[in-house]
There are 2 protein chains.
Amino acid sequence: MKTTNVADQVTRAALELFASQGYATTSVQQIVEAAGVTKGAMYHYFQSKDDLLFAIYDRMLSLQKAHLDGIVAAGGPVADVVRAVCVDVVETSIDFLPEGTVFFRSMHMLPEPRLKEVTQRRREYHDEFAALLRRGQDEGLFRTDVPRSLLVAHFFSDVHYLSHWYSPEGPETKSQVAQQLTELFLRSITEQGRGADDRADQH
Amino acid sequence: MKTTNVADQVTRAALELFASQGYATTSVQQIVEAAGVTKGAMYHYFQSKDDLLFAIYDRMLSLQKAHLDGIVAAGGPVADVVRAVCVDVVETSIDFLPEGTVFFRSMHMLPEPRLKEVTQRRREYHDEFAALLRRGQDEGLFRTDVPRSLLVAHFFSDVHYLSHWYSPEGPETKSQVAQQLTELFLRSITEQGRGADDRADQH
DNA sequence: CGGCGCAAACCGACTGGACGGTACGCCAGG
DNA sequence: CCTGGCGTACCGTCCAGTCGGTTTGCGCCG
């Protein structure tokens with residue numbers, strides 16, 4: 001409990017409702033009722049309805065960015081770093097599946113300044129990932145016959161699409177899916193000039 | 001001209017506005033003003049606002065399904081058919097980029113019966129694609145160490161994601177992108193047991 | 001050929017209700 | 001007694017959809 005259990009309950013309820021009904025079709029009334037609080041309480045902690053939306057994005061973006069930075073900072077062979085990053089992104093995206101659903105559906109409903117910030121932060125994320133791929137290309141690990149931006153898009157498309165098909169109740173666990181998607185991605189972007197790829201330069 | 005130029009104008013305007021502002025945040029007033037008609041005229045041809053949304057989906061789904069059926073019916077080696085289907089889906093999805101944007105953002109706002117139909121028709125499409133992959137797997141062309149449904153999702157994720165990054169003004173043409181994405185996909189799903197894949201069994 | 005009737009196309013002011021946001025007041029605790 | 005947390009009643013706006021009415025196109029009959 002402590003302070004602002006209210007804010008938490010509201011965020012939770014909002015997330016659930018936004019994910020299942022969409023942002024625009026969910027009324028503030030519904031949210032506060034589901035959260036077991038009143039409008040007054042909610043507007044005491046949030047300035048507006050889109051504050052709720054932004055809060056959801058903020059949590060997810062911050063966490064994923066922190067993960068990415070952490071993995072990159074840990075260092076190691078590029079191939080391993082890329083693999084770890086891919087697996088992590090898929091896994092955390094599955095952890096934040098409702099957030100992802102809401103994100104891609106309703107991002108465009110944020111008012112201009114907010115939208116700018118979200119877009120900006122996503123771009124930073126993509127750029128960091130692209131930089132990793134670049135390092136891999138420089139080492140001759142990844143193909144260069146296709147624009148790097150397309151490789152980036154190719155990977156993130158899987159992440160986006162997760163919320164359209166993955167279900168925790170399904171047959172596959174999140175780490176299985178993460179491994180499998182990562183493997184598909186890596187196979188598609190690996191340079192095929194030589195057969196040398198998996199056990200070549202282990203320090 | 002002819003009959004119902006009005007309906008056409010309205011559909012066009014609606015598509016443009018839905019794609020740029022979102023479905024929920026676009027008012028019927030805006031649409032009819034952009035289309036140069038009146039509300040009365042619009043409600044003469046459409047029963048409701050979500051009729052417009054459905055009309056957009058309908059066009060896209062029908063066209064893509066027809067393409068798919070045509071390519072499959074034309075026959076040929078499975079590998080070629082799959083390749084042709086992938087290229088075609090990407091290309092037509094680029095042709096229908098605004099429709100795609102609207103589709104994935106706003107599908108969930110359709111009333112239940114309509115939503116059911118759209119979901120159903122998408123599923124048929126996916127199933128037909130999955131059947132193709134199955135044929136390829138039976139012939140030993142495609143890998144079987146990953147659930148087929150994941151392979152399907154892996155491909156359609158690229159198609160979905162197009163509207164998030166592709167721009168006709170960008171450096172790449174639509175057929176380049178189609179070729180490249182198809183190539184990435186095919187490489188990731190091709191069975192690697194032997195090096196025999198591209199020139200093995202040509203009739 | 002011209003006028004008539006009728007149906008389809010079209011107009012646009014209006015409504016009813018929902019919804020985001022606010023004003024204000026109450027109450028507990030420091 | 002006064003501040004911060006919260007409840008409640010209310011407000012102004014907006015908007016999908018409607019409805020009575022007008023115009024337009026057109027076959028048909030005299």
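A, B, ... follow the sequence lines: proteins, then strands. Residue 1 opens every chain.
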B/Tyr57 side chain vs B/Leu115 backbone, donor-acceptor pair below 3.5 Å
no
Along DNA chain C (nearest heavy atom to each residue), the more 5'-positioned of A/Gln47 and B/Val37
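The residue mapped nearer the 5' terminus is B/Val37.
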Please write out each protein N/O paired with an N/O of nucleotides 12-16 of chain D under 3.5 Å, distance rounded to 0.1 Å.
unit_1 : atom_1 : unit_2  : atom_2 : d
D/dA16 : OP1    : B/Lys49 : NZ     : 3.4
D/dA16 : OP2    : B/Val28 : N      : 2.8
D/dA16 : N7     : B/Lys39 : NZ     : 3.1

With sequence neighbours excluded, residues passing salt bridge (charged side-chain N to carboxylate O under 4.0 Å, His left out) with A/Lys116:
none
Are there any protein N/O atoms within less than 3.5 Å of an N/O atom in nucleotides 23-30 of chain C, and if so, which ones and at what distance?
none

First locate atom NZ of A/Lys174, then atom CG of A/Leu162, and finally report the distance between them rounded to the nearest 0.5 Å.
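One gets 12.0 Å once the value is rounded to the nearest 0.5 Å.
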Taking [atom1] from [X] and [atom2] from [N], how many angstroms apart are they, rounded to a whole number?
| X | N | atom1 | atom2 | result |
| --- | --- | --- | --- | --- |
| B/Glu33 | C/dC11 | CD | P | 13 Å |
| A/Phe46 | D/dG5 | CZ | P | 14 Å |
| A/Met42 | D/dG4 | CE | P | 20 Å |
| B/Tyr45 | D/dG17 | OH | P | 19 Å |

Do the ring centers of B/His160 and A/His160 come within less than 6.0 Å of each other?
no
Are B/Phe129 and B/Phe156 close enough that their ring centers fall under 6.0 Å?
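They qualify: ring centres under 6.0 Å apart.
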Side chains of B/Arg121 and B/Ser62: donor-acceptor distance under 3.5 Å anywhere?
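Yes, side-chain donor-acceptor contact under 3.5 Å.
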Ignoring hydrogens and geometry beyond distance, is a side-chain donor-acceptor pair present between A/Glu169 and A/Ser167 at under 3.5 Å?
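Yes.
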So which of A/Phe142, A/Tyr161, A/Phe185 actually passes ring-ring contact (aromatic ring centres under 6.0 Å, His included) with A/Phe155?
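When ring-ring contact (aromatic ring centres under 6.0 Å, His included) is applied between A/Phe155 and each of A/Phe142, A/Tyr161, A/Phe185, only A/Phe185 qualifies.
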Under 4.0 Å between a side-chain N or O of B/His44 and OP1 or OP2 of C/dA9?
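B/His44 to C/dA9 OP1/OP2: side-chain N or O found under 4.0 Å.
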